[in-house]
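Letters A, B, ... are given to chains in the order of the sequence lines, protein chains preceding strands, and every chain is numbered from 1. Since this is a predicted model, take the numbers as computed values, not measurements.
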Amino acid sequence: MAASKLGLSAERIARCRSLAREVADGVRRETAKYTTVATERTVLRLLGVDGVDAEEVPIPNRAIESLAAAGKMNRGAAVWMGSALAHGSGGVAEAAARLADRKGAAALTEHPRWRDALLPHVEKGLERIRGNRAERERRLASHPPDERPLLYAIVATGNIHEDLVQAQAAARAGAQCIAVIRSTAQSLLDHVPYGATTSGFGGTYATQENFRLMRAALDSIEDELGRYVRLVNYCSGLCMPEIAAMGAFERLDMMLNDALYGIIFRDINPLRTLIDQNFSRRINAAAGVVINTGEDNYLTTADAVEQAPAVLASQFINERLAKDAGLEDWQIGLGHAFEIDPELEDGLLYEIAQAEAAREIFPDAPLKYMPPTKHMTGNVFRGYQQNALFVLTSVATGQSIHLLGMLTEALHTPFLHDRWLAVDQARTIRTNARHLSEELQFAPEGRIVRRARAVLAEAEALLERVAAGGLFAALADGVFADTRRRIDAGRGYEGVVERDAGYANPFLEAFTHAPAATGVHA
Amino acid sequence: MAASKLGLSAERIARCRSLAREVADGVRRETAKYTTVATERTVLRLLGVDGVDAEEVPIPNRAIESLAAAGKMNRGAAVWMGSALAHGSGGVAEAAARLADRKGAAALTEHPRWRDALLPHVEKGLERIRGNRAERERRLASHPPDERPLLYAIVATGNIHEDLVQAQAAARAGAQCIAVIRSTAQSLLDHVPYGATTSGFGGTYATQENFRLMRAALDSIEDELGRYVRLVNYCSGLCMPEIAAMGAFERLDMMLNDALYGIIFRDINPLRTLIDQNFSRRINAAAGVVINTGEDNYLTTADAVEQAPAVLASQFINERLAKDAGLEDWQIGLGHAFEIDPELEDGLLYEIAQAEAAREIFPDAPLKYMPPTKHMTGNVFRGYQQNALFVLTSVATGQSIHLLGMLTEALHTPFLHDRWLAVDQARTIRTNARHLSEELQFAPEGRIVRRARAVLAEAEALLERVAAGGLFAALADGVFADTRRRIDAGRGYEGVVERDAGYANPFLEAFTHAPAATGVHA
Amino acid sequence: MKRSVRPYGDKKNDGAVQVSFTLPMAKSALATEAAKRYVSQMGIREPYVTLAESIAPDFTFFVVYGRATHEIDLSAISAEEAPAGALSREEIDAEIARRFGRRLIVLGCALESDAHTVGLDAIFNMKGFAGDYGLERYHGFDARNLGAQVPVAEVARRVREAAADAVLVSATVTQNEIHVRHLTDLVDMLEAERLRDRVVLVAGGARVDHALAKELGYDAGFGPGTTASVVAAFLLEEISRHQGVS
Amino acid sequence: MKRSVRPYGDKKNDGAVQVSFTLPMAKSALATEAAKRYVSQMGIREPYVTLAESIAPDFTFFVVYGRATHEIDLSAISAEEAPAGALSREEIDAEIARRFGRRLIVLGCALESDAHTVGLDAIFNMKGFAGDYGLERYHGFDARNLGAQVPVAEVARRVREAAADAVLVSATVTQNEIHVRHLTDLVDMLEAERLRDRVVLVAGGARVDHALAKELGYDAGFGPGTTASVVAAFLLEEISRHQGVS
Ligand code: B12
Ligand code: B12
Ligand SMILES: Cc1ncc(COP(=O)(O)O)c(C=O)c1O
Ligand SMILES: Cc1ncc(COP(=O)(O)O)c(C=O)c1O
């Protein structure tokens, strides 16, 4: 691990980690008692249940609503799918239909050998995930290692077919990760739309078919580019584990996966989304997916200098929750952003301090560095300048994933040439300043070092406060982003169900015990 | 002096300085034997001779041509002006007219008390220079110290009256130094055009009246801005000391003043321009003017990485020649530029290395850092990006004078908004990265430190080569910019004249002995 | 008195303009000529293509400088005052603080049987709608999102209890005019409870517009594409008018 | 077959363009409205003024995005091949090396009594003319500037001695046609010495143009505003043609 440039106190960092552990343990004590409609729908999807009924309502939603109505959800969908199969259902689809039928669900009794009946389907789902992970590692190993930081571009036309064209153009221009922005506020849908979609709201709906189409489109130009193009999407929100499962089935490489984001910024019920997050992160861990967390959102309106400690505290908590869900360091793409006011004296020194601190505190994490938005204006020349300083700071502090900033950030979803200019800028500066991070050191008692220490100290104080009452109390007190979120309020609370004694989730069990596969990773 | 960040060998730097001294002594040994038409015209101007005749030929040119024809120039114009006065000429104008008349000049005999007759006029000239220096220092002291680096903008409409409007706009936008670009190739005119000029070739003629008009225009907004605006012009070329004298008379603050530039890039006779340079630098020294040297020109076409040693060697030579001419450290604005190919791997590290090396080797020099030109294209967004990196490098290495780069450098002389965007960019980044240079240190054996050492070593080798045969031999060999310039070729050689035993130049004598005035400086 | 104006580069009326755009055609001399002619059609003479960059197999990005020939007669504009731009979030918050000295309480919900909340949430919560942040981000508003399927009686109770300044309701399902029934029921309930005049009442939804809302007795209606910043600016003015504050 | 093309932002034919310019008027709502209307006159609808910045007391800089309505019919252009752009210095040097495998020797001077050299020097020396660098900067040329007031006999001697490929002479003073006399004297001298066909002969000066030079027996003439890059490109082609090299 490179020598520390900031001389941050190892004790204080250890203290933050132990506080984060306390917070995470507190969360787990609470969440372990429950399951949710989304988690159980995900079990069905991992077993192969899919499709929609005549009213376009997804079969998993129908089945789980029916099980819930029959008071059977507390034992977990797996038990009933296994039982239906053991009682003679011909296959997974037939079993799901049986569950989705109100009378059928009510009448269904638990079969003693439900696990044996279910095992082959569980195994088939796990094998599909392992297969995709191996395929990704094979493809990555077939090309030279990627230049860092990885350049991450966004497409968002609302029409998946138009997205394919723009995504290939961005990849050809040099983007190494492509994210299709979800239709805005899809976090709040408690079902996943089905099939290819051609109209969304400021983005394109995340659906399994849209994942499949985009994955194929990017694979088709892999040889031409001589490199594997990573595909990113968003599983945050009420369908967190479901979308994670779809990503695992379609070989998505990265997922926005952050319950804290859903709670604070989408007013989703804290208990619901933290329960779902655990299962979704288990799935992403097994699938070899790199998760991204949404700390950048703290900086998009509130002052980026004041909020820096909250970002760091949130990163410590997210790291611990991720590790508790089986994710390895290389999979935890903690988020932060370049959002300080460009007119602030020494503001660039604070950006460097904060980015370097994240690098040193989370040395093995694929840190995801987000571009300026708050202070971007209609002066597109100033916009291009700020993104140049952003790229240079990213390279100078060894960030891992660099989300490309558009000079027209404040104006519209990116034009083709906006994106080309962004990729050209990042590629050029990444080369021109290739080894800058190895070169730079900071004056021992200088402003940069003092800033980093101050942020760490305030983050520790924040973690002390969160650990004292636990995360749920802290959220209710508005500790994060001055936004109060009670444990019993917000979207999706009604979908939380207590597990009963006989509860079982074979996938959760499999993910919890199976050692994660080694080998080349993203 | 701030601790060295590059660990450059003090011995090697001292060695370079002693080699430069050898070179400078060699030059002085050669130049001391001669005077030139331009040097003698300057003596007349300092005595107050000005104006043009019916054919618009400047009176100083007529007088010196006439003295030369009479074989009297070798003794120096001062002797004959003094003699004319002593022989009854009513005043300086009358004496000059007497010199300009062929028969009159031939008939004139040296008068034993020519010095006494001339003294009051010499004193009047010196007093005007001292007065302007004191006025500048008074004005500077009446405002808070200027933020560094000083932002330097260029105006070049060709029409002095239009230049006044643009210069005031640039100063109001934040520019701290304004340069009116000379009509291209004015270096090659062996006379200084007279009066206000409204048409030039890619620039505005440098004339004393144009200096006076611009000085007044910038003074008129000094209170509104709450700061003194520095005025810059170019005295390089065949009229070097003459234009320096005009600048001293009109309170110009900075002058491009570099014989090596004239030799290599304007094919001006080496002997002629090195003789002229000494007198011009004496005048600038007395006037409290900051000179700028033209090392950036080595980088505008040849590869900026290969030419870095030549830039450093030239800087050492220019420093020594300047000190030998009475200029103090704070007056020697050595030039360099940000010209490395932006596509070169680690190119930005080399820019930082070279800029930091200049800072450390010449700690008290007001280094003048010039913007990218060679790699600027029609992509004005890329242009704005490169100028952002240029400003950041300038601030990060503590440069003193920052010549604003235009995003449209490759396209046209700057539009009003091109210049505003450049000033806005430089002011914002200067504030945003205010104390960056105090913060940065470099890995002891890193690429930046190794690059700086390599450039110093090669510069030393170059200086060894130049010192071995002397500067004139080196120029004939094409040591600088692969361009061969013989001592007996190039523009203006015919204007070089051997001093005879009785030669006298009271101004040169005054500047050589008088201690430079202290006090606040630019 | 006609006062015509043209762009200024470095001389009066030189018409200097810069343009950039992409043409969907591969980079070639033909493409550059097309870009030049395109800019000429815009009334720009001496087009100088400073950049022609291939940014995708069949797409070329151009930067072009030239001299625009058009003139603008300022006297023709001075008559109608140019519309002021939308207020920023900071300006709205400052204005609320200045006028009211307290936060404005805004309740929101999806009415009766309607379970669609995404639209209302996009107006209410921190993240908002495609980058246009929700009312929760405005320090000037105390935005309380009551969620989905809220009966009109419950809405009235919460209005009285919170002394709300405004109520924002969403109605999305329109089969057999169910949204008209629900929206009308709410107005009737508020009037019965003598609460109607104490609140600004706003309706919204995919099939709602200003005319329908006014017809049903609402102060305003917002349809597809609405952003929180537009609603916030409206609430500032409407509540000020309602409560006689300026 | 008509093939019309319009700018592409993120959808086919969306006409997306960006424009920037300064209007000579103080920043105000009126100025922004003027900028909007100006851009509309350029055939751009939905003008969105993203920046209005006061850059000097009576000057406002605008950045405007909008949707251009014009179309370009490509079939109309395909006929005339679009003119190729000027070669860069690097391209000329590479081409000389490829075609000749040696440097081309170019002599230059001001003729006979003419002492004006600034024009010729701006074509010859390293610094060149307002940023367009002189022939000395081209590795492909061995440019020898003989200076001012060179007699025609001396020019002929130097041509023979250096086996020059081209001779560039400057004539500025034109009183009683002195420049015509000098230029003609040089052609006569070269023909007499049977050197005329071995060199490309070029004349230049403030009062010289191509027609006059051709009339006097020169290969080309260059007047005010000439840059070295234009002369270099001409010499490459003319010397190649002269020496049958391609
Ligand atoms: C998501 C969705 C659902 C989800 C809702 C989940 C949720 N928490 O919201 C679920 C699955 C629960 C659902 C259920 C049903 N849905 Co539905 N649903 C949709 C869908 C796909 C997207 C709606 C959406 O999220 N839009 C995104 C938001 C951002 O847009 P918006 O709603 O227009 O909101 C914007 C503006 O209208 C405005 N706005 C909206 N509300 C308000 C309020 C105020 C105060 C203001 C100022 C502004 C404002 O601002 C918002 C941002 O710009 C639409 C189809 C479509 N693609 O539009 C069908 C759609 C709305 N549903 C429809 C139907 C019929 C139903 C069901 C009746 C289906 C069924 N037979 O069971 C049920 C009804 C359930 C119920 N009890 O209401 C129909 C409605 C047709 C009609 N006009 O009556 C639609 C149009 C689908 C279709 N084409 O048939 N649905
Ligand atoms: C500087 C100058 C001088 C200087 C010259 C110094 C020098 N080393 O060159 C001095 C003081 C010596 C001078 C003297 C005289 N000058 Co005078 N001088 C000028 C002045 C002010 C500028 C000329 C200049 O430098 N132009 C700048 C260059 C860059 O432009 P250019 O010459 O046009 O060159 C460009 C193009 O023409 C072309 N080009 C030029 N040559 C060549 C050659 C080739 C091969 C090519 C490819 C291109 C090319 O490329 C160049 C770059 O674009 C002009 C007035 C004016 N403002 O133009 C009068 C002017 C040229 N002079 C003039 C006169 C009359 C004289 C004198 C006769 C005055 C006198 N009575 O004594 C003497 C003659 C001396 C002599 N023996 O020739 C007149 C000429 C009128 C005429 N058409 O005959 C002018 C026009 C002034 C005037 N308006 O009266 N002069
Ligand atoms: C972590 C995270 N997840 C998901 C999203 C997607 O947002 P939405 O809630 O609009 O689907 C975001 C925001 O861009 C995010 O930061
Ligand atoms: C040191 C110096 N002097 C003078 C000039 C002015 O050039 P010119 O010879 O065209 O007058 C330059 C170049 O810009 C320069 O670098």
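- Ring planes of B:F415 and C:Y65: tilted class, angle from 30 to 60°.
- Both the backbone and the side chain of B:T413 come within less than 4.5 Å of a heavy atom of chain C.
- Between the OG1 atom in C:T50 and the CG atom in B:L411 there is a gap of 5.0 Å [rounded to 0.5 Å].
- A 6.0 Å sphere centred on CD of B:E56 holds no more than 12 heavy atoms belonging to other residues, nucleotides or ligands.
- For the residue pair C:Y8 and B:Q166, the shortest heavy atom distance occurs at OH-NE2, 3.3 Å.
- Environment of CZ in C:R207: sparse, with no more than 12 heavy atoms of neighbouring residues, nucleotides or ligands closer than 6.0 Å.
- Between B:F381 and C:V63, some side-chain heavy-atom pair lies under the 4.5 Å cut-off.
- With B:E162 contributing its side chain and C:K11 its backbone, the two residues share no donor-acceptor pair below 3.5 Å.
- If you measure heavy-atom distances from B:A169 to chain C, you find no contacts under 4.5 Å at all.
- Here the side chains of C:D10 and B:L416 are not in contact, with every heavy-atom distance at 4.5 Å or above.
- Within 6.0 Å of NE2 on C:H139 lie no more than 12 heavy atoms contributed by other residues, nucleotides or ligands.
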